[in-house]
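Below is one structure, written out as structure tokens; comments come after it.
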Amino acid sequence: MGTEIILSEKFDLEKTAESGQCFRWRRCDGADTAYQITAFGKSVVISVNNDQKILHLNCSEEDAEKIWRPYFDLDTDYTAIRNTVASSDSSGAYLRAAMDYGDGIRIIRQDFWECLVTFIISQRKNIPAITQCVDKLCRAAGAPIIDTQSVSATLAEPTLYAFPTPEQILALSCHKNGDADCSFAKAGLGSCSLGYRVPYIFAAAEWMLRHPDFVKESETMTDDEVRDALMEIKGVGIKVASCVMLFGLQRMNAFPVDVWVNRAIKKAFRDESEIMNYSPNAGLIQQYIFFYEKNHPNR
DNA sequence: TGGCAGGCCAATT
DNA sequence: AATTGGCCTGCC
């Protein structure tokens, strides 16, 4: 079982995996760089060939086209967007370097609810800690994924779990960590190292139940309206809201500003608003800046 | 040991 | 409108 997708531009799995946008990619040991990815209640192992122009997926052609093609944003022309950055811009030299460094990164179009929760978790945490929290949360509350065909043989832990639904998370609310009387086999949210974020996660789950069709409804809303709506959730500020818009609602113009992007702005831009010169794709520009600022040795 | 990490909130100016 | 302390947790 396997499917190939011919790519129109290069796709760098490693850079994308390490660019702080998705927390459910697991690197597989092996000769080639491959990742086990879990999303939308499914899982898949992917790799690319040497020139990063052919994507291999161990799933059916139907899943590849209907689930994973949009997930990897394969129908967006990143080259065209990159070409809109003029070297004559005041920040053009910095952006050129950032885009070269991050060449091959793609914006992953994730599930809205999963994105909302994972970015609430992300506050005051680094990427490994976030990944571990999300993993624990899925084990504590998510349903196991039965389709073992899709599981890489090189993973140490073969059981995969779907991201929990709001209902599944709320069902844990009455069970504290280490509650010996808990009749459920699963641990509570207290076991997920979420700390002060626990009430935020509950607030998000309750909000989600009150707005079950938010994704659909958001389609007729402006970016500002969507951001304001998300920030009504306790624990969601402007940074988290922007991340959810960019990675969970396909709002390519949303640009989250964290400490790394902020450093870049102070260094190479007049101010934050200058990023909007790259509207309607400021979010992609932000992703290059973030990755470059955080990882480049000579930044 | 204490400071800090890819925020947010509430209280305070 | 802008600033500050506190917050869970893990890591150095």
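Each chain gets a letter, A, B and so on, in the order its sequence line appears, and its residues count up from 1. Here the structure is a predicted model, which is why all the values come from computation and not from measurement. We use all heavy atoms of the structure for the numbers below, so side chains are in, but hydrogens, waters and symmetry mates are not.
- For the P atoms, the distance from C/dC11 to B/dC8 is 23 Å, rounded to whole Å.
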Write out a two-atom table: protein N or O, nucleotide N or O from nucleotides 10-12 of chain C, distance below 3.5 Å.
| unit_1 | atom_1 | unit_2 | atom_2 | d |
| --- | --- | --- | --- | --- |
| C/dG10 | OP1 | A/Ser193 | OG | 3.1 |

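- For the strand DNA chain B, secondary-structure stems (runs of at least three Watson-Crick or G-U pairs, all distances below 3.5 Å) span B:2-5 with C:9-12, B:7-13 with C:1-7.
- Annotation: B/dC9 and C/dG10 have their P atoms spaced 23 Å apart (nearest Å).
- A/Val198 comes within 4.0 angstrom of no nucleic acid atom, judged by non-hydrogen atoms across all strands.
- Residue pairs meeting the side chain to side chain donor-acceptor pair (under 3.5 Å) criterion with at least one partner in residues 101-112 of chain A, sequence neighbours excluded, are A/Glu9-A/Arg106, A/Asp73-A/Arg109, A/Arg82-A/Asp103.
- Nucleic acid contact for A/Gly20: base, since at least one base atom lies under 4.0 Å from a heavy atom of the residue.
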Under 3.5 Å, which protein N or O atoms sit close to an N or O of nucleotides 11-13 of chain B? Give each pair with its distance.
none

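- Listed by residue number, A/Ile238, A/Lys239, A/Val240, A/Asp258, A/Val259 are the residues of residues 238-259 of chain A with a heavy-atom contact under 4.0 Å to DNA chain B.
- The ring of A/Phe291 has its center no closer than 6.0 angstrom to the ring center of A/Trp260.
- Counting non-hydrogen atoms under 4.0 angstrom, A/Ile121 reaches nothing in the nucleic acid.
- The 5' end of DNA chain B is approached more closely, in terms of each residue's nearest nucleotide, by A/Phe290 than by the other of A/Met231 and A/Phe290.
- Ring-plane geometry between A/Phe72 and A/Trp25 is classed as perpendicular, the angle between the planes exceeding 60 degrees on a 0 to 90 degree scale with a lower cut at 30.
- Below the 3.5 angstrom threshold, one finds no donor paired with an acceptor across the side chain of A/Tyr200 and the base of B/dG7.
- For A/Arg197, whose side chain is taken as the heavy atoms from C-beta onward, the closest listed nucleotide among B/dA10, C/dC8, B/dC8 is C/dC8.
- The salt bridge (charged side-chain N to carboxylate O under 4.0 Å, His left out) search around A/Lys266 returns none, not counting sequence neighbours.
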